[in-house]
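Predicted model, so just to flag it, every value in this text is computed and none were measured. Both ligands and their constituent atoms are indexed starting at 1 by order of listing.
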Amino acid sequence: MPPPLDLTLILAATTHTMGIGLAGSLPWTGLRKEMAYFARITKRLPPSAPPTALNAVIMGRKTWDSIPARFRPLAGRLNVIISRGHPTPPSPEGEGGEVVRAASLDDALGYLAPLKDEGRVGRVFVIGGAQVYGEAVERGLARRILLTRVLGAFECDAFFGVKLPEEGEGEGGWRRTGKGGLDGWVGEEVPGGVQEEGGTGYVFEMWERVD
Ligand code: FOL
């Protein structure tokens with residue numbers, strides 16, 4: 001049997017309150033290197049995937065709307081948009097076929113699983129928003145969280161609902177991976193400690209489900 005389709009959540013969130021959005025957009029501006037990290041990591045194929053494969057990014061409809069039109073669909077990735085009311089089964093749209101609409105997370109995963117088995121899809125990321133992150137975690141579909149902790153008190157109206165401990169391990173079945181684990185999984189040396197951009201600090205973290 002092929003390995004299960006395990007999901008990686010990727011997000012940037014404020015410390016403590018885990019704010020991820022404001023008014024349909026990101027709560028901050030100007031974290032350009034952080035955004036570049038997101039783009040690089042979501043594009044990079046796992047060592048096991050054929051070079052012709054693409055990673056998939058699953059997102060809710062509001063997250064799709066939040067991406068600036070010029071960056072949509074996210075290049076070099078299979079964009080899967082969950083929008084309720086969309087007919088089942090999921091259907092590709094657009095010229096390149098790099099955009100797929102699905103009515104639910106289950107439909108999205110059902111669409112992706114065979115593509116992964118065929119070596120056409122590499123990694124599968126969930127890129128938001130709160131609702132899709134929450135469902136992926138609650139249903140035990142997420143194995144890994146690539147979290148960028150943003151060290152600032154930004155106003156937010158959308159929050160990551162999963163409780164991760166601030167330090168060390170335990171709690172909620174999630175454990176922070178050491179730097180070697182993060183570097184090894186993402187396939188590059190990720191700078192450790194507090195990064196600074198335009199007066200805002202942030203830290204790249206990886207969390208893995210303990211099971
Ligand atoms: N994860 C992390 N770590 N940071 C984020 O900002 C983030 N944002 C989302 C999901 N996970 C994240 C959702 N929001 C783009 C815009 C908003 C967005 C996700 C992606 C976007 O335009 N991405 C382009 C990069 C463009 C650039 O280089 O500025 C891409 O190609 O990925």
Side-chain angles (χ1 to χ4, degrees), residues 7-15 17-45 54-83 94 96 98-99 105 108 122-137 141-152 154-162 164 176-177 179 182-183 185-198 200-208:
L7 301 177
T8 296
L9 273 47
I10 184 165
L11 64 141
T14 61
T15 36
T17 62
M18 299 293 268
I20 60 172
L22 176 68
S25 194
L26 294 172
W28 43 80
T29 54
L31 300 190
R32 298 189 52 222
K33 289 183 182 170
E34 204 293 314
M35 185 55 85
Y37 171 84
F38 166 89
R40 224 166 42 244
I41 297 318
T42 52
K43 282 180 195 170
R44 184 175 293 122
L45 290 171
L54 279 184
N55 290 339
V57 287
I58 299 176
M59 71 197 93
R61 198 265 309 156
K62 291 182 194 167
T63 296
W64 169 259
D65 288 344
S66 81
I67 299 171
R70 66 187 182 284
F71 293 124
R72 238 168 37 195
L74 296 178
R77 289 147 286 182
L78 177 60
N79 291 230
V80 182
I81 306 152
I82 299 175
S83 49
E98 71 280 69
V99 177
L105 183 56
R123 288 175 168 159
V124 180
F125 292 93
V126 173
I127 69 163
Q131 221 177 307
V132 187
Y133 289 139
E135 183 179 352
V137 170
L141 303 168
R143 20 201 18 256
R144 192 174 290 98
I145 300 174
L146 293 173
L147 168 66
T148 302
R149 274 195 203 271
V150 178
L151 313 174
F154 293 91
E155 187 193 357
C156 298
D157 64 11
F159 300 86
F160 183 63
V162 181
L164 296 172
R176 186 169 171 195
T177 315
K179 185 181 184 322
L182 171 58
D183 292 359
W185 193 82
V186 303
E188 67 179 47
E189 186 160 338
V190 178
V194 178
Q195 310 302 302
E196 195 91 40
E197 258 189 302
T200 300
Y202 57 86
V203 181
F204 294 117
E205 300 182 356
M206 178 156 94
W207 292 76
E208 285 178 293

Exercise. Crowded around Gln131 CD? As in, over 12 foreign heavy atoms under 6.0 Å?
Worked result: no

Problem set entry | Identity and separation of the nearest protein heavy atom to atom 13 (C) of ligand 1 | Ile127 O, 3.7 Å

For this session: Answer whether the closest heavy-atom distance between the side chains of Glu205 and Arg149 falls below 4.5 Å.
Result: yes

Exercise. Near Arg77, which atoms of ligand 1 are under 4.0 Å from a heavy atom of that residue?
Worked result: 30 (C), 31 (O), 32 (O)

For this session: Could you list the atoms of ligand 1 found under 4.0 angstrom from a heavy atom of Leu11?
Result: 1 (N), 2 (C), 3 (N), 11 (N), 12 (C)

For this session: Below 4.0 angstrom from a heavy atom of Ala39, which ligand 1 atoms are there? Numbered from 1 as shown, please.
Result: 30 (C), 31 (O), 32 (O)

Seminar exercise, completed: A student checking ligand 1 against Tyr133 at a 4.0 Å heavy-atom cut-off should list atoms 10 (C), 11 (N)

Exercise. N/O of Lys43 under 3.5 Å from N/O of ligand 1, yes or no?
Worked result: no

Exercise. How close does the nearest protein non-hydrogen atom get to atom 5 (C) of ligand 1, and which residue and atom is it?
Worked result: Glu34 OE1, 3.6 Å

For this session: Please answer whether the main-chain N or O of Leu151 pairs with a side-chain N or O of Tyr202 as donor and acceptor at a distance below 3.5 Å.
Result: no

For this session: Report yes if the side chains of Met59 and Ile67 come closer than 4.5 Å at any heavy-atom pair, otherwise no.
Result: yes

Exercise. Side-chain contact, heavy-atom cut-off 4.5 Å: Tyr133 with Val162?
Worked result: no

Problem set entry | atom 25 (C) of ligand 1 - nearest protein heavy atom and its distance | Met35 CG, 3.8 Å

For this session: Could you tell me whether Ile10 and ligand 1 have an N or O pair separated by under 3.5 Å?
Result: yes

Exercise. Relative to the heavy atoms of Thr148, which atoms of ligand 1 are at a distance of less than 4.0 Å?
Worked result: 3 (N)

List the atom pairs, donor and acceptor, that lie under 3.5 Å between side-chain atoms in residues 21-33 and the rest of the protein, sequence neighbours left out.
none

Problem set entry | contact_flag Met59 ligand 1 heavy-atom lt 4.0 Å | no

Seminar exercise, completed: Min over Tyr37, Phe38, Trp64 of heavy-atom distance to atom 19 (C) of ligand 1 lands on Phe38

Exercise. So with a 6.0 Å cut-off around NZ of Lys179, is the heavy-atom count from everything else above 12?
Worked result: yes

Problem set entry | Min side-chain heavy-atom separation Leu182-Leu146 under 4.5 Å | yes

For this session: Within a distance under 4.0 Å of any heavy atom of Phe71, pick out the atoms of ligand 1 and give their elements.
Result: 22 (O), 26 (C), 27 (C), 29 (O)

Exercise. Going through the distances and angles, do Ile41 and Glu188 end up as a side-chain contact (heavy atoms from CB on, under 4.5 Å)?
Worked result: CA-CA 9 Å; Ile41 297 318; Glu188 67 179 47; 3.8 Å; yes

Exercise. Which residue owns the protein heavy atom closest to atom 23 (N) of ligand 1, what's the atom, and how far is it?
Worked result: Leu74 CD2, 3.5 Å

Exercise. Is it the side chain (CB and beyond), the backbone, both or neither of Leu26 that lies under 4.0 Å from ligand 1, heavy atoms counted?
Worked result: side chain

For this session: Could you tell me whether the side chain of Met18 reaches within less than 4.5 Å of the side chain of Leu164, counting heavy atoms only?
Result: yes

Exercise. Relative to ligand 1, is Arg32 under 4.0 angstrom through side chain, backbone, both or neither, heavy atoms considered?
Worked result: neither

